[in-house]
Structure formats: C-alpha cells, structure tokens
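Below you'll find the structure, written out as structure tokens, and then a few comments.
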Amino acid sequence: MEELVVLIVGAGPAGLATAACLSHRSIPYLIVEREDCSASLWRSRTYDRLKLHLAKEFCALPYMPYPDSAPTYIPKREFIKYVDHYTEHFDINPRYCICVESAAYDGETNRWAVAARDTVAGTEILFAARFLVVATGENAVGSIPTIPRLESFRGEAIHSSAYKSGTSYAGKSVLVVGSGNSGMEIAYDLARHGANTSIVVRSPVHIMTKELIRLGMTLVKYIPVTIVDPLIVNSANFVFGDLSGHGIVRPKIGPLLLKSKTGRSAVIDVGTVRLIKNGVIKVFGGILNVVGSKVEFEGGKHRSFDAIVFATGYRSTANLWLKDDKCLLNSDGLPKNDYPNHWKGANGVYCAGLARRGLAGISKDAMNIANDIVV
Ligand SMILES: Cc1cc2nc3c(=O)[nH]c(=O)nc-3n(C[C@H](O)[C@H](O)[C@H](O)COP(=O)(O)OP(=O)(O)OC[C@H]3O[C@@H](n4cnc5c(N)ncnc54)[C@H](O)[C@@H]3O)c2cc1C
Ligand SMILES: *[C@@H]1O[C@H](CO)[C@@H](O)[C@H](O)[C@H]1NC(C)=O
C-alpha cells in the first residue's frame, strides 16, 4: 500500500495541468497513466493532419502561454512538443503503464483506496490517497453506435481514433459516419487522397470557419452571446451558402450557446464543404443496416463500400472505476453538476477535463482543484 497526498489518474493535458498547479503550490502528488506515454490521445489516437481547432490563446495550459512565434492554430506535432516541454518544465514524472481499476472512499481512514494494475509486471498496486483527481478524459474510449448486422460488413470498419491518413484508401469507396470535426476532416483527407468518399450527416450541424469561431469566442467576452451567435451564423451563411440541398442544416440554437449548453462543438470547415458542393464527397442520411459490403440508408438507398470510418465520438470510462455512489460523475462518466460547479465531489475527489470545454476548461479545472486542496 502506497500512501499519497494526491493521486492524479491520467497523464493527458488535464492530469499534467493539475500536476503543474499542485507543484506551483508545493503540494506533493503522484500521477499515473495507463499507456506508456503522456497525452496518449494526441500521440497515438489522432489523425496526422490534425491541428488544434481553436486559436492558441484558447488552448494553453496553466502558467505556459504559447510563444508569439507559434502558429495561431497549433499542428498536432507542435502541440505534443508543447506538452513535452510543459512536462519537463514542471518536472512532472508520470508513472506509466498503471491502469486504475477501482477507487472508493474509506470513511475509517479518510483515504481514497485505489486499486491499479501494473500492465507490464501484471501486478496489482494499492494506493491510499487523501485526495483523488479524475483526469482520464472525455475521450477514454471510442464509441461506435449499434447498427443492425454491422458484424456482417466485409470491408474494414474502424473508429476515427485508429485513422491516420487517407494514403491507403486511394481508389476505394469509403463511408465516414459522423459529421463532427473529426468526421468532416477525415472525409476531406480521404477525398484528397483519391478515395471515393461519402459521409453520413444525421443531425443538424453548425459549419463555421476557424476565423469566425475565433472572432465569436473573443467577442463573447464583451458582448452577449445572443448577439454574437447570429452575427457569426449570418457571416458563415454568407461564406458557405445554403447547404440544405446537401442534407446539412443548422441547429436552431447558435454555435457558441450550443457549445456552452451541451458541449457540442461547431464544425470548423477545412475544405470539406467545397468538396460536398461540387459532388466529390457524397452526403447520406442515417444508416439503417449493413449486409455484406452493402449499407442501407434511411430513404431506401443502398451503396457498397470497401471501408467505414466511425467518427462517432468517444466515451468517458471513469464511471466504471470510481465508486462514490455517483456523487461526482453520472453513469456516462461525466460530471453530475453543471458547469461551473462540476469539478468537485465529496471527500476530496475532483475531476479535471470532463466538462466538455476543451483545453481552456482543463486549465480552469486544474487551477480550481489546486486552489481547493489544502494539506
Ligand atoms: C480529434 C480531437 C481533436 C481535438 N481538438 C481540440 C482542440 O483543438 N482544442 C481543444 O481545446 N480541445 C480539443 N480536443 C479535446 C481534447 O479532449 C483535449 O484537447 C484533451 O486532449 C483532453 O485532455 P484530457 O487530459 O482531459 O484527456 P486525454 O487527453 O484523453 O487524457 C486522459 C489520459 O488518461 C488516461 N487514462 C484513461 N483511463 C485511465 C485509467 N483507468 N487509468 C490510468 N490512466 C487512464 C488515458 O490513457 C489518457 O492518456 C480534441 C479532441 C479530439 C479527440
Ligand atoms: C462512389 O461512391 C458512390 C456512393 O457509394 C457510388 O454511388 C459511386 O458509384 C462510386 N463511384 C465509383 C467510381 O466507385
């Protein structure tokens, strides 16, 4: 049994930011990570052409802004370098290949009893921590919806977290399911690499330019969102035109308000819209079922595909190991309390990075947690 003051679970941006904030206040901690590296989502579960969708001023971790010389939209590789520099600067030494399997509060000792597996040695490790920080991410595992007879599909079916680039798909017919940022960008990448590309767009979505989102996020600090949202929506409509003929319509509620209310992000167009408009990328409605290589869509259309990429999002898994009577997290592994009261539970348990507010939200959570822990 290892006695700890603070145990941070997960060495992604949220865990690292919390570690830095604790160091800043000279509070001792241990940070554990199931993979063999930090920021595993960024290193091994994202596509090659990914850049941060938001401008750099909204994506910094605590105490380390990006240099003026950094590009406004940081490419994935640069972001990983930034994370490595951050880790080194704050002397953060995660213990890797440690997967937390359960955590429960022991009222007798006033400690969190945490059981973890050393995935290399295959041994069980027990921790007793005064404080516990859940930083295992909203993206802990990829989620694929249940589609009747998907298992009968003869081609390759992968989650977007396993997609790297379109190089190996040239000449193939590929269906991308999901029209969030990942799905729209992967469809673009596939088409650019010569794949015959189709995309499933099922729900309304706000297509925006990155500049309009940056403008909106800046304006909303000074002007009510009810004024900013229509402004950027009208501008986006001017840029993209009416896309309803292609099956793409906007949600009723504006993009910034939607993000803050539901966590759903606007789609930052990387060139996909032009390819949809000129017919290079074909749009389909929802999938009804799959038979062999054929996919049947709502409305009765059938098409054959060589591969399907599911850009259908992710799930948190913290609810599977945190045993606190669903005090901090709900059964989806996301905070039970609404923002801004989401980050603190009872008996010294906290969560960082689960409020669907990206890297800016992570920074705030980390600062709040470090300020709240008194030893
Ligand atoms: C494709 C993509 C693009 C994105 N772009 C942006 C963007 O431009 N701007 C922005 O602000 N946000 C963006 N995000 C949101 C993203 O969630 C954050 O940027 C950030 O990576 C979240 O950090 P995190 O530390 O909360 O989670 P993660 O980065 O997922 O880190 C959590 C860590 O916990 C580990 N872990 C999980 N379970 C356990 C366990 N049981 N025991 C031990 N360790 C565990 C995981 O291995 C992982 O390393 C993007 C996300 C994706 C998927
Ligand atoms: C491309 O895909 C679409 C949609 O599945 C299909 O209708 C079309 O025949 C395909 N074209 C080629 C050249 O394979």
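Whatever order the structure lists ligands and atoms in, that order sets their numbers, starting from 1.
The pair Arg95-Glu2 counts as a salt bridge, with a side-chain nitrogen and a carboxylate oxygen less than 4.0 angstrom apart. Under the 4.0 Å criterion applied to side-chain N and carboxylate O atoms, Arg214 and Glu211 are not assigned as salt-bridge partners. Note on Lys259 versus Asp229: no salt bridge recorded, every NZ/NE/NH1/NH2 to OD/OE distance being 4.0 Å or above.
The single protein non-hydrogen atom nearest to atom 11 (N) of ligand 2 is Asn196 ND2, 2.8 Å, given as residue, atom name and distance. For atom 29 (O) of ligand 1, the closest heavy atom belonging to the protein is Pro13 CD, 3.4 Å. Closest to atom 16 (C) of ligand 1, if we only count protein heavy atoms, is Asn139 ND2, 3.8 Å. The shortest contact between atom 1 (C) of ligand 1 and any protein heavy atom is with Ser182 OG, 3.7 Å. Protein heavy atom closest to atom 50 (C) of ligand 1, with residue, atom name and distance, is Trp42 CZ2, 4.0 Å. Looking from atom 38 (N) of ligand 1 to the surrounding protein, the closest heavy atom is Thr136 CG2, 3.4 Å. Of the protein's non-hydrogen atoms, Ala14 N, 2.8 Å is the one closest to atom 25 (O) of ligand 1. Of the protein's non-hydrogen atoms, Glu33 OE2, 3.4 Å is the one closest to atom 46 (C) of ligand 1. For atom 8 (O) of ligand 1, the closest non-hydrogen atom of the protein is His53 N, 2.5 Å.
In terms of polar-atom proximity, Glu35 is not counted as a contact of ligand 1, lacking any N or O under 3.5 Å from an N or O of the ligand. Residue Ser40 has at least one nitrogen or oxygen atom sitting less than 3.5 Å from a nitrogen or oxygen atom of ligand 1, judged on distance alone. Considering backbone and side-chain atoms alike, Cys99 places every N or O at 3.5 Å or more from each N or O of ligand 1. For a threshold of 3.5 Å applied to N or O pairs, the pair formed by Arg303 and ligand 2 contains at least one separation below that value. Remark: ligand 1 and Ala352 share no N or O pair separated by less than 3.5 Å (distance only, no angle test). For Lys51, no nitrogen or oxygen atom sits less than 3.5 Å from a nitrogen or oxygen atom of ligand 1, counting backbone and side chain alike. Between Leu359 and ligand 1, at least one pair of N/O atoms sits closer than 3.5 Å. Residue Lys282 places no N or O, backbone or side chain, under 3.5 Å from any N or O of ligand 2.
Which of Gly358, Ala360, Ala39 comes nearest to atom 12 (N) of ligand 1 through a heavy atom is settled by distance: it is Gly358. For the residues Val114, Val100, Leu354, Val32, the heavy atom positioned nearest atom 42 (N) of ligand 1 is part of Val100.
Which parts of ligand 1 touch Leu54 is read off a 4.0 Å heavy-atom cut-off, strictly below it: atoms 8 (O). Within ligand 1, counting atoms from 1 as listed, the ones closer than 4.0 Å to a heavy atom of Val9 are 42 (N), 43 (C). Each of the following atoms of ligand 2 lies closer than 4.0 Å to a heavy atom of Phe305: 5 (O). Counting the atoms of ligand 1 from 1 in the order shown, those under 4.0 Å from a heavy atom of Leu41 are 21 (O), 29 (O), 30 (O). Numbered from 1 in the order shown, with element, the atoms of ligand 1 that lie under 4.0 Å from a heavy atom of Leu52 read 7 (C), 8 (O). Listed by number with element, the atoms of ligand 1 under 4.0 angstrom from any heavy atom of Ile98 are 42 (N), 43 (C).
No hydrogens or angles considered: nothing links the side chains of Asn319 and Lys326 as a donor-acceptor pair under 3.5 Å. For the residue pair Asp372 / Tyr350, a side-chain donor-acceptor distance below 3.5 Å is found, with atom types taken as modelled. Side-chain contact annotation: Ser40 with Arg45, donor-acceptor N/O pair under 3.5 Å present.
At a heavy-atom cutoff of 4.0 Å, ligand 1 is contacted by no atom of Phe58, backbone or side chain.
Within a 6.0 Å radius of NZ in Lys51, no more than 12 heavy atoms belonging to other residues, nucleotides or ligands are found. The number of heavy atoms from other shown groups lying within 6.0 Å of CZ (Arg202) does not exceed 12. The environment of CD in Glu151 is crowded: more than 12 heavy-atom neighbours from other residues, nucleotides or ligands sit within 6.0 Å. Asp338 CG: 12 or fewer foreign heavy atoms inside a 6.0 Å radius.
Inside a 4.0 Å radius of atom 9 (O) of ligand 2 there is not any protein heavy atom.
The aromatic ring centroids of Tyr314 and His159 lie less than 6.0 Å from each other.
Remark: of the listed residues Arg356, Lys261, Lys364, Lys364 is the sole one forming a side-chain hydrogen bond (donor to acceptor under 3.5 Å, both in side chains) with Tyr339.
No chain of hydrophobic side-chain contacts below 4.5 Å, direct or via other Ile, Leu, Val, Met, Phe, Trp or Tyr residues, connects Val141 to Val32.
Side-chain contact between Met208 and Arg250 is present, with heavy atoms from C-beta onward closer than 4.5 Å.
Contact annotation: Tyr314 has at least one heavy atom less than 4.0 Å from an atom of ligand 1.
Note: His89 and His85 have tilted aromatic rings, judged against thresholds of 30 and 60 degrees for the angle between ring planes.
In this structure, the side chain to side chain contact (heavy atoms under 4.5 Å, CB included) partners of Ile27, at least two apart in sequence or on a different chain, are Val5, Val6, Leu22, Arg25, Ile373, Val375.
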